[in-house]
Protein chains: 2
Amino acid sequence: MSKTIVLIAKNIKRLREVKKLSQKEICAGSGVPQGQYSRIENGKVEPSVSTLEKLAKVFEVSIAEFFKSSDVNDLLNLPLLEKIKMIDKLGKEEKQALFKMIDIAIVNKRMKDNLQNLIDQ
Amino acid sequence: MSKTIVLIAKNIKRLREVKKLSQKEICAGSGVPQGQYSRIENGKVEPSVSTLEKLAKVFEVSIAEFFKSSDVNDLLNLPLLEKIKMIDKLGKEEKQALFKMIDIAIVNKRMKDNLQNLIDQ
DNA sequence: AATGTATATGCATTTTAATATATATTTGCA
DNA sequence: TGCAAATATATATTAAAATGCATATACATT
């Protein structure tokens with residue numbers, strides 16, 4: 001039982017529960033047969049990308065959402081962790097200043113990426 | 001040719017180029033045969049989750065990375081929930097400006113609707 | 001307990017990715 | 001240009017998901 005399949009399974013089940021929908025409804029909206037959907041929610045199969053695509057549509061999320069982990073242990077392996085820990089030790093003002101800079105960086109990066117894409121097309 | 005496959009293909013190719021590695025090297029590190037890897041980079045196949053898992057490992061990223069788009073059109077088409085999440089990441093000023101614009105839009109719409117009602121009567 | 005609804009499982013068939021292998025094609029460079 | 005490495009493609013085989021369908025099991029409501 002792969003870690004990733006379990007992760008996908010949990011995320012999909014959680015999303016369905018958040019929306020308070022039955023499997024039947026998800027299946028009607030996505031075209032995925034109920035039997036197969038059940039197997040996916042229970043991590044019995046490795047759903048294909050096209051299946052995930054259909055499900056992402058009814059859940060109104062990006063497929064990336066299915067792969068996001070909220071498990072601390074997974075985050076522990078990220079190289080970023082050390083940095084985050086250090087940020088956490090900073091004072092209130094330093095932290096706020098840092099976060100603002102991060103935000104600006106993100107926005108700028110996204111704008112740059114988008115511009116680049118437009119140029120490339 | 002599904003949009004998602006192309007997205008995955010582009011992301012994987014980009015990641016490899018960033019790392020300046022050959023397909024051969026990626027394949028040695030991941031266990032994915034070179035032929036198959038080539039097909040993936042060219043959007044000829046829909047890679048399975050377990051294949052993506054292997055690749056994510058050598059690229060040192062989360063699988064979610066493969067599904068992220070920096071295309072403006074895709075950002076515009078993101079499901080509402082995703083958009084809200086992105087808004088949430090914006091800086092204070094950007095957020096306030098955005099909310100003001102949304103308010104104005106709503107007010108305008110309401111005025112238009114009311115006018116229409118008066119006309120219809 | 002009985003009934004209806006939701007979810008899980010079983011099974012045969014179809015479809016498609018993964019693989020191994022070989023080979024063709026492109027690309028970079030001396 | 002010509003060679004070598006990198007990348008793309010071809011084919012046959014294997015493995016696993018998708019599907020349709022049937023049915024079993026769990027869950028709730030009266």
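The sequence lines fix the lettering, A, B, ..., with proteins before strands; numbering per chain opens at 1.
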Taking B:Glu46 for its side chain and A:Ser50 for its backbone only, find out whether a donor-acceptor pair lies under 3.5 Å. yes

With a cut-off of 6.0 Å (strictly less than), are more than 12 heavy atoms of other residues, nucleotides or ligands near NZ of A:Lys10? no

Take atom CD1 of A:Ile40 and atom C1' of C:dT7, then tell me their distance rounded to the nearest Å. 14 Å

Can B:Glu65 and B:Lys68 be counted as an ion pair, charged N to O under 4.0 angstrom? yes

A:Ile12, A:Phe67: one ILVMFWY side-chain cluster at the under-4.5 Å cut-off? yes

What is the distance, rounded to the nearest whole Å, between atom CD of B:Glu53 and atom C1' of C:dA17? 16 Å

Just the table, please: protein N/O against nucleotides 12-14 of chain C N/O, every pair under 3.5 Å.
none

Identified side-chain hydrogen bond (donor to acceptor under 3.5 Å, both in side chains) partner of A:Ser22 from the options A:Lys24, A:Lys20, A:Glu25: A:Glu25

Any A:Val32 side-chain heavy atom under 4.5 Å of A:Ile26 side chain: no

Just jot down the side-chain contact (heavy atoms from CB on, under 4.5 Å) partners of B:Leu15, sequence neighbours excluded, or say none. B:Phe59, B:Val61, B:Phe66

side-chain hydrogen bond (donor to acceptor under 3.5 Å, both in side chains) against B:Lys19, all qualifying residues, sequence neighbours excluded: B:Glu60

What's the separation between atom OG in B:Ser30 and atom CG in B:Leu52, rounded to the nearest 0.5 Å? 11.0 Å

Per-nt protein contacts along nucleotides 3-9 of chain D (heavy atom under 4.0 Å; B base, S backbone sugar-phosphate only, - none) come out as ----BBB

Nearest whole angstrom, please: distance from the P of C:dA17 to the NZ of B:Lys54. 15 Å

Find every protein N or O atom lying less than 3.5 Å from an N or O atom of nucleotides 26-30 of chain D, and list the pairs.
none

Sub-3.5 Å pairs of nitrogen or oxygen atoms, protein against nucleotides 27-30 of chain C:
none

